[in-house]
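Here is the naming used below: chain letters follow the sequence lines, and residue numbers restart at 1 for every chain.
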There are 2 protein chains.
Amino acid sequence: MTGGRRRSESSRRAILDAARGLLLERGYERLTIDAVAAQAGVGKQTIYRWWGSKGAVVADAVLEGGLAPPFVPLPDTGDIETDLRAWLRAWTAHLASGVGTSLILALTAATAEDRAVADVLYERFTGPHEQLLRDRLESARAAGQLGSQVPVPTIAGVLIGSLLYRVLSRQAPPTADDADMVVRLVLAGVA
Amino acid sequence: MTGGRRRSESSRRAILDAARGLLLERGYERLTIDAVAAQAGVGKQTIYRWWGSKGAVVADAVLEGGLAPPFVPLPDTGDIETDLRAWLRAWTAHLASGVGTSLILALTAATAEDRAVADVLYERFTGPHEQLLRDRLESARAAGQLGSQVPVPTIAGVLIGSLLYRVLSRQAPPTADDADMVVRLVLAGVA
DNA sequence: CCAATTCCGAGACGATCGGTCTCGGATCAG
DNA sequence: CTGATCCGAGACCGATCGTCTCGGAATTGG
């Protein structure tokens, strides 16, 4: 028999919206499923029927909330330095805001804690952003703007990692000047 | 009155040893204070008398367990490329091992979750390693092996961040080849 | 329209864990 | 000896995760 009530789309949205709001407001550790259910006006079973764990809910909330790629776009003006600078500056601006910092800390906590969640987030969040960067670097290499000594994945990893380290060290948020210097360093190294 | 029983050094050591072992074995999230107390043969109150939280115990355990700097030394042979390569290779080897990965994931989880713990870990773990790197870069700059365009803190952040990203993405652990390419990229950029 | 099926919100429930408190006993200074 | 402080052990509390149950609502096949 194929009968039966269908999944409520409004409940699904309410759950993800509540999870996203509470995540940014309280952080991953202090986000509780009870609070998500209460704020969404939903029974807990409705959450656990569709998501296996707290981490899975958070991952989906992030990925469906306008935070997924390409919410920081990577333009292609033909000049790799201009484009990388714009991309890295947009990220630093986002990460310097409270929302961006909370987001990355939450994703990092979830990643460090649960391997399955880490894989989902890499596949649907980190990976696509990294791929965006790699594609642009490849096109720059094809245009002769990059030397061939250093592989594109290494360059992408260095750019992303330098950003990540600034956020995770929780000392001083990255600035536009930092972004520019990283771009200069990396491009000088591959020119 | 100054009387009273003195703090038991053997209990302190047993607690930190147990915490370190359980941290590497189970990760930060699944490490419980009950388990630490049981494995150390100690009452829970003895833990909470001297440490304020689980994060504080973990931070101390890491910092006192031979995991603190400079367990990865940074030599000074006079050639910055040789030294950076040795340092980054040692780190990649450590991080590619299960212990190193577990350690970094645990520290990252603790950092992302608790600001106070983040500050302690930066002050006594990350910061000293970063300082080691900065000092060596400064001496290279003084020796004329580095151009003056990119600030030393930026260079250090890029080197550390590229490592961190590889570990946190949980996709493939970094290799010696990766380390060499990062060094080549960074040094070409600042030569 | 009816029956079977599946989802819904609500909330009770058991298990786990962080952190506090209490207890009898041990160790220190004076 | 006395008072203070620490010790191991474990009861206890509150929060939280995840499961389970309940009556009710939606949906489909007959």
Enter the distance from A:Leu105:CG to A:Tyr28:OH here, rounded to the nearest 0.5 Å.
13.5 Å
Which one, D:dT27, D:dC6, C:dC8, comes nearest to the side chain of B:Trp50?
D:dC6
Please check if the number of heavy atoms outside B:Arg115 that lie under 6.0 Å from its CZ is greater than 12.
yes
What is the separation between atom CZ on B:Arg30 and atom P on D:dT16, rounded to the nearest whole Å?
19 Å
Pick the nucleotide of DNA chain C nearest each of B:Lys54 and A:Val42; which residue has the one closer to the 5' end?
A:Val42
What is the distance, to the nearest angstrom, from the CD1 atom on B:Ile47 to the P atom on D:dA9?
12 Å
So, does the side chain of A:Lys44 form a donor-acceptor pair with the base of D:dG18 at under 3.5 Å?
yes
Value in whole Å for how far the P atom of C:dG14 lies from OH of A:Tyr48:
18 Å
Between D:dG18, D:dT5, C:dT20, which nucleotide has the shortest distance from any of its atoms to the side chain of B:Arg5?
D:dT5
Check whether any side-chain nitrogen or oxygen of A:Ser11 sits under 4.0 Å from OP1 or OP2 of C:dG9, and answer yes or no.
yes
Please step through side-chain contact (heavy atoms from CB on, under 4.5 Å) for the pair A:His94 and A:Leu103, ending with a clear verdict.
CA-CA 10 Å; A:His94 178 60; A:Leu103 172 67; 4.0 Å; yes
Using whole Å, what does the distance between atom P of nucleotide D:dG8 and atom CD of B:Gln39 come to?
15 Å
Considering every strand and a 4.0 Å limit on heavy-atom distances, what is the contact class for A:Leu31: base, sugar-phosphate, or nothing?
sugar-phosphate
Closest nucleotide among D:dC7, C:dG18, D:dG10 to the B:Gln45 side chain
D:dG10
Given C:dG18, C:dC8, C:dC21, the nucleotide with the shortest approach to the side chain of A:Thr46:
C:dC8
When the nearest nucleotide of DNA chain C is assigned to B:Arg6 and to B:Gly55 on a heavy-atom basis, which residue is associated with the more 5' position?
B:Gly55
Using a cut-off of 4.0 Å on non-hydrogen atoms, how would the nucleic acid contact of B:Trp51 be classed: base, sugar-phosphate, or nothing?
nothing
Residues B:Gln171 and B:Tyr165: side-chain donor-acceptor under 3.5 angstrom
no
For B:Ile33 and C:dT16, what is the distance between atoms CD1 and P respectively, to the nearest whole Å?
17 Å
For the CG atom of A:Leu107 and the OG atom of A:Ser102, what is their distance to the nearest 0.5 Å?
10.5 Å
Looking at the side chain of A:Ser8, which of D:dC17, D:dG8, C:dC8 is the nearest nucleotide?
C:dC8
With the side chain defined as heavy atoms from C-beta on, B:Thr32 is closest, among C:dT20, C:dC17, D:dC6, to C:dC17
B:Glu29 has an atom CD; how far is it from atom C1' of D:dT16, in whole Å?
11 Å
Between B:Arg49 (CZ) and D:dG8 (P), how many Å, whole number?
9 Å
Please report, rounded to the nearest Å, how far the P atom of D:dC13 is from the CG atom of B:Asp34.
16 Å
